Amino acid sequence: MLKDTDAGSLRKSHVGTEVTLAGWVHRRRDHGSLIFIDLRDRSGIAQVVANPEVSPDAHSVVGNLRNEWVLQVKGEVRLRPPGTENQNLPTGEVEVLAKEATILNPAKTPPFYINDEAEVDEALRLRYRPLYLRRERMQRNLVLRHRVVKFIRDFLDKRGFIEVETPILIKSTPEGARDYLVPSRIYPGSFYALPQSPQQLKQLLMVAGLERYYQIARCFRDEDLRADRQPEFTQLDLEMSFVEEKDILDLMEELFTSLVETVTPEKRVIKPFPRLTYQEAIAKYGTDKPDLRFGLELADVTDLAGQSEFQAFRKVAGSGGLVKGFAAPGCSIYSRKQLEELAELVRAKGAPGLVTMSLMGDGSLDDLAESDVRSAVARYFSTDLIKAMASRMKAQRGDLLLMVAGEEEKIREPLGALREEMGHRLGLADPNTLALAFVTQFPLFEWNREEKKWGSAHHPFTAPRDEHVSLLDTDPGRCLSKAYDIVCNEYELASGSIRIHNRELQGNIFRILGYTPEQIQDRFGHLLDAFEYGAPPHGGIAPGIDRIVMILAGERSLREVIAFPKTQSAQDLLFGAPSTASPQQLAELHLQVVPEP
RNA sequence: GGCCCGGUGGUGUAGCGGCCAAACAUACCUCCCUGUCACGGAGGAGAUCGGGGGUUCGAAUCCCCCCCGGGUCGCCA
């Protein structure tokens, strides 16, 4: 080894010993004769001092160093002179007096700061990925990711789970996301697909009698990207036999609670995890992945709004629509400009508009007078009606009422987004709180308007709730499932379900989804056949590792917790992927590139 | 595919019709400095303002097209 000690490990106890360090020049402070080097390796930073009176050779080597040069230093660990200790550094009590210094490799001036967290253009971060990963924050994130995965493996191992690898070259699935395809050399015109998830494979492992399976599995989906979506991502894929919904949720609650307590003890988890149904989530928060770090619950004021003289509300109330809203505490002082920003947000999410009412003053709602209400539409509402609406939203004077009217499906997203926005504006979303929660009882199907058919809300292997099986043939839209999500803050962290293990029921679901018997046999025959040989009742879940790490690291983008991520347009700027293939490669694969018209 | 934001010395920003042959910080180069730790001091070099076209007496600045990065809607069983 070219080093015998980690720079970041140096403590008082090393004083008097001779050490050899190797790492990068983090920073250089040249005082002419005395030169200080902050030497950085993965473990941290140690101060090296070069004194010409101690070692002229080492001093002259150190004098030529620049940031990010790779350096080996041999020297004696000693206490820093009294008064020169650095409290900000774990190694700040000691320093290494250089006796020998060797330049292992010089370095060009980096394209951005390694020793500073200053923002860097995203393209530069990706193009010079190895350099960006040298930053302390990225090292911390990668270490955190390692700890998360390690913890999960240990946790599941203790509970009898077996990690099994499943193929990356597998078969295209008809539904769901767009597949990444891999052409077959041996079978002209045929393709493998990369798995969107090992869903069917893990179910087959249950049929195989594994009982408890998991995998840290790479998944691929060829869809457009977001801050929290990469084309390839990692799931903790997990499946258990002989379980019910509660068993999976309890296991996940224990896993996540102990994970956070071990890996990021500074974060606060709310225990026990709230368990709310999909219907409750939509009604109270306007979304199936609510941020539960704050309240601001939505209230239904349709009946009251219908009694007003405000036509937009009356019309909606009279035609089966809803008027819903919530109170933003202390926001009665919002300016016209601020209100317009909120209205714009709501419109961008597809709502027709936003009705605001500022309840001025303070004290009891009972004393609220007509002149205390500031609203463009106040004249259509009696003061009593406004009091009634305010009281249903649990508003106080000084608050701002925010309301949206329309069809339930059209207003929930805008309201959910508005609630989230106000939670952030009001500083209610504590970054050190992880509001983990379960959302259950998702619908089994959702109606696809374009194709005029039913699609799976989760996936086609999800079991319907026992009491709703009879609805399958009569009213599939009302049939609820045994699917569940884990949400945290404003993110969906995991999805899972109890699966169907009965061939007949599975076949029936496929038929409702519109597959012909031939398609069912071709695409799912292997699974259906397996179900006929004694498939155990089973279920599972798949938490997203990248998102977990992102939230634990306090990052807002997946790119900060993935070593080599892709751009929003799915390019790898480091390697330059995707790239063209040679004519020989194409010929071997029986492929021809057709230029875009 | 739609909408929104951004692209100015190596990096991060300012400038948003003439005061800009472009400013600030930092990095870089040279010199000085024996206790610094975002060391300090003196000096220097470095940008055809993402690309192309247009408007104008005059464009980093206004308009159009394109490219790149980001956010978002659609999409993501």
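Model, not experiment: these values are computed from the prediction. Every heavy atom of this structure was used, including side-chain atoms; hydrogens, water molecules and symmetry mates were not. Lettering follows sequence order; numbering is per chain, from 1.
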Under 4.0 Å, counting only non-hydrogen atoms across every strand here, what does [X] touch: a base, just sugar-phosphate, or nothing?
{"X": "A/Pro111", "answer": "sugar-phosphate"}
{"X": "A/Gln199", "answer": "base"}
{"X": "A/Asp224", "answer": "base"}
{"X": "A/Leu124", "answer": "sugar-phosphate"}
{"X": "A/Ser497", "answer": "nothing"}
{"X": "A/Ser33", "answer": "base"}
{"X": "A/Ser569", "answer": "sugar-phosphate"}
{"X": "A/Arg559", "answer": "sugar-phosphate"}
{"X": "A/Ala118", "answer": "nothing"}

* By a strict heavy-atom criterion of less than 4.0 Å, which residues belonging to residues 499-516 of chain A are in contact with RNA chain B? -> none
* What parts of residues 55-88 of chain A reach RNA chain B, counting only heavy atoms under 4.0 Å away? -> A/Arg66, A/Arg78, A/Arg80, A/Pro81, A/Thr84, A/Glu85, A/Asn86
* Ignoring hydrogens and geometry, is there a side-chain-to-backbone donor-acceptor pair from A/Asn489 to A/Tyr491 under 3.5 Å? -> no
* Asked: If only atom types and distance count, is the side chain of A/Trp69 paired as donor or acceptor with the main-chain N or O of A/Ala107 below 3.5 Å?
  -> yes
* Counting side-chain heavy atoms from CB outward, which of B/rC39, B/rU26, B/rC76 is closest to A/Arg27? -> B/rC39
* Asked: B/rU11 base stacked by A/Phe112? Criteria: ring centres under 5.5 Å, plane angle under 30°.
  -> no
* By centroid distance (under 5.5 Å) and plane angle (under 30°), are A/His31 and B/rU36 in a stacked arrangement? -> no
When only distance counts, do a donor and an acceptor, one from the side chain of [X] and one from the base of [N], lie under 3.5 Å apart?
{"X": "A/Glu95", "N": "B/rG35", "result": "yes"}
{"X": "A/Asp116", "N": "B/rG12", "result": "no"}
{"X": "A/Gln47", "N": "B/rU36", "result": "yes"}
{"X": "A/Tyr113", "N": "B/rG10", "result": "yes"}

* Which is it for A/Gln203 and A/Tyr213 under the side chain to side chain donor-acceptor pair (under 3.5 Å) test, yes or no, and what are the steps along the way? -> CA-CA 10 Å; A/Gln203 290 190 241; A/Tyr213 143 92; over 6 Å; no
* Could you please spell out the steps behind the side chain to side chain donor-acceptor pair (under 3.5 Å) verdict for A/Glu122 and A/Thr567? => CA-CA 8 Å; A/Glu122 192 69 43; A/Thr567 66; over 6 Å; no
Taking OP1 and OP2 of [N], is either one under 4.0 Å from a side-chain nitrogen or oxygen of [X]?
{"X": "A/Thr567", "N": "B/rG69", "value": "yes"}
{"X": "A/Arg226", "N": "B/rG74", "value": "no"}
{"X": "A/Arg29", "N": "B/rC39", "value": "yes"}

Same-atom distance ([atom1]) from [N] to [M], integer angstrom:
{"N": "B/rA60", "M": "B/rU55", "atom1": "P", "result": "16 Å"}
{"N": "B/rG15", "M": "B/rG9", "atom1": "P", "result": "16 Å"}
{"N": "B/rG51", "M": "B/rC19", "atom1": "C1'", "result": "29 Å"}
{"N": "B/rU26", "M": "B/rG18", "atom1": "P", "result": "28 Å"}
{"N": "B/rC24", "M": "B/rC49", "atom1": "C1'", "result": "16 Å"}
{"N": "B/rG58", "M": "B/rC39", "atom1": "C1'", "result": "47 Å"}

Specify the separation, in whole Å, of atom [atom1] of [X] and atom [atom2] of [N].
{"X": "A/Arg28", "N": "B/rU30", "atom1": "CZ", "atom2": "C1'", "value": "12 Å"}
{"X": "A/Ile35", "N": "B/rG40", "atom1": "CD1", "atom2": "P", "value": "16 Å"}
{"X": "A/Lys410", "N": "B/rC73", "atom1": "NZ", "atom2": "C1'", "value": "15 Å"}
{"X": "A/Asn115", "N": "B/rU26", "atom1": "CG", "atom2": "P", "value": "14 Å"}
{"X": "A/Asp121", "N": "B/rU11", "atom1": "CG", "atom2": "C1'", "value": "10 Å"}
{"X": "A/Asp288", "N": "B/rC76", "atom1": "CG", "atom2": "P", "value": "14 Å"}

* Considering the options A/Met138, A/Glu136, A/Arg40, which one meets the side chain to side chain contact (heavy atoms under 4.5 Å, CB included) requirement together with A/Ile114? -> A/Arg40
* Asked: How about A/Phe564 and A/Phe575: are their ring centres within less than 6.0 Å of each other?
  -> no
* Scan for side-chain hydrogen bond (donor to acceptor under 3.5 Å, both in side chains) pairs involving residues 74-84 of chain A, sequence neighbours excluded, and state none if there are none. => A/Arg78-A/Glu95
Got a sec, which residues hit ring-ring contact (aromatic ring centres under 6.0 Å, His included) with [X], two or more places apart in sequence or on another chain?
{"X": "A/His459", "value": "A/Phe461"}
{"X": "A/Phe442", "value": "A/Tyr278"}
{"X": "A/His424", "value": "none"}

